[in-house]
Amino acid sequence: MANNRNRLLVITVAVCLGLLILDRIVLGPMLEGWKQREAQIAKLETQIAKGEALLSHKAGYEARWDEMVKNSLPAEQSEAELMIYAALNDWSKSGLSFNSQRPQPWVTEKDGTRHVDFRVLATGSIGSIARFLYDVEQDPRALRVQDVEISARDDAGRTLSLNMLLTGVTLRGGRND
């Protein structure tokens, strides 16, 4: 009877030890692998859903990109600067008078886009400056106001000074190449 009991205990210990080893060496890593794969599958499904959403809006994005390329500055530097001067002339019809309009050196980015900064100094009334800034922001050309400083030129504040940095961009992938 003691022999049977010892044998039963040894078998029980061996089975428990076998189950422990099975859990630690086989089942644990396998379950962890399944959890990682499940997380990766969920991540990929999310990425696929985002990709499908992007593809459903592809035509709109392409139309917007084509519009941006169409409105970007020409690749030729002198042409681009002439376009900016023409735009400034159009916007100045608000009653603003320019003291200075000068381009800074062109900068080429790593992605191939090029941009030029224009320093603009002008004077006018608050209405003419407001109209000028509104016209600049509403213009479809690839020109953006980077920095604006407005200060009074007289004690009453009727004549104001505008110091502005305007940036123009040339994009790749269209008429500018």
Side-chain angles (χ1 to χ4, degrees), residues 13-92 94 101-120 122 129-150 162-177:
V13 167
V15 168
C16 287
L17 190 60
L19 288 174
L20 180 65
I21 291 172
L22 181 68
D23 180 56
R24 298 288 181 189
I25 294 177
V26 177
L27 292 178
M30 190 172 12
L31 288 174
E32 186 61 34
W34 282 342
K35 287 179 186 176
Q36 288 175 354
R37 283 186 200 93
E38 191 174 282
Q40 187 175 9
I41 288 170
K43 180 182 172 186
L44 290 172
E45 286 173 343
T46 302
Q47 289 176 345
I48 288 170
K50 286 180 182 178
E52 287 172 346
L54 284 173
L55 285 174
S56 69
H57 294 54
K58 178 183 176 187
Y61 291 141
E62 286 178 345
R64 178 71 179 124
W65 175 253
D66 290 342
E67 185 70 19
M68 288 176 14
V69 169
K70 182 182 99 180
N71 291 325
S72 74
L73 298 177
E76 178 59 41
Q77 185 172 341
S78 60
E79 258 184 77
E81 289 176 5
L82 284 174
M83 180 185 276
I84 294 172
Y85 283 122
L88 288 169
N89 188 43
D90 291 345
W91 302 325
S92 71
S94 63
Q101 309 166 12
R102 63 182 193 278
Q104 307 295 315
W106 281 73
V107 177
T108 302
E109 302 293 335
K110 289 180 184 177
D111 65 357
T113 60
R114 295 177 62 216
H115 71 271
V116 63
D117 293 333
F118 255 72
R119 178 60 62 184
V120 177
I129 290 176
R131 184 65 203 186
F132 174 78
L133 292 174
Y134 176 80
D135 289 343
V136 171
E137 288 297 320
Q138 294 301 311
D139 195 274
R141 289 174 272 215
L143 299 169
R144 181 175 82 181
V145 175
Q146 290 288 97
D147 186 28
V148 174
E149 182 182 316
I150 300 173
L162 171 70
N163 184 353
M164 178 179 79
L165 183 65
L166 183 70
T167 299
V169 178
T170 296
L171 298 175
R172 298 180 307 143
R175 71 181 175 103
N176 301 324
D177 285 343

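On a predicted model such as this, the values are computed, not experimentally measured, just so you know. For reference, positions follow the sequence shown, starting with 1.
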Validation row: V136, F132 side chains within 4.5 angstrom (heavy atoms): yes

Minimal non-hydrogen separation, A80 against L73, with atom names: CB-CB, 3.9 Å

Heavy atoms from other residues, nucleotides or ligands near CD of Q40 exceed 12 (cutoff 6.0 Å): no

Pairing of R131 and D135 as salt bridge, 4.0 angstrom limit: yes

Over 12 non-hydrogen atoms of neighbours within 6.0 angstrom of CD in E38: no

Gap between atom CG of D117 and atom CG of D147 - 0.5 Å precision: 10.0 Å

Side-chain heavy-atom pair L55, Y61 within 4.5 angstrom cut-off: no

Contact check, side chains of V148 and I129, non-hydrogen atoms, under 4.5 Å: no

Min side-chain heavy-atom separation V15-L19 under 4.5 Å: yes

R119, CZ atom: more than 12 neighbouring heavy atoms under 6.0 Å: yes

Closest non-hydrogen atom pair between A75 and R114, with its separation: O-NH1, 2.9 Å

Side-chain heavy-atom pair W106, T170 within 4.5 angstrom cut-off: yes

Sidechain N-carboxylate O distance under 4.0 Å for K70, E67: yes

Residue pair N71 / P140: nearest heavy atoms and the distance that separates them: CB-O, 3.0 Å

Closest contact, heavy atoms only, S72 versus A142: CA-CB, 3.5 Å

Nearest-0.5 Å distance, CD1 of residue I25 to CG of residue L20: 9.0 Å

Verdict with supporting geometry, M164 and L133, side-chain contact (heavy atoms from CB on, under 4.5 Å): CA-CA 10 Å; M164 178 179 79; L133 292 174; 3.8 Å; yes

Verdict with reasoning, L143 to W91, per side-chain contact (heavy atoms from CB on, under 4.5 Å): CA-CA 12 Å; L143 299 169; W91 302 325; 3.5 Å; yes

Within-4.5 Å side-chain heavy-atom neighbours: L166 and Q146: no

Euclidean distance, E149 CD relative to L165 CG, rounded to 0.5 Å: 12.0 Å

Shortest non-hydrogen separation from V116 to P103 and the atoms involved: CG2-CB, 4.2 Å

Close side-chain approach of I84 and Q101, heavy atoms under 4.5 Å: no

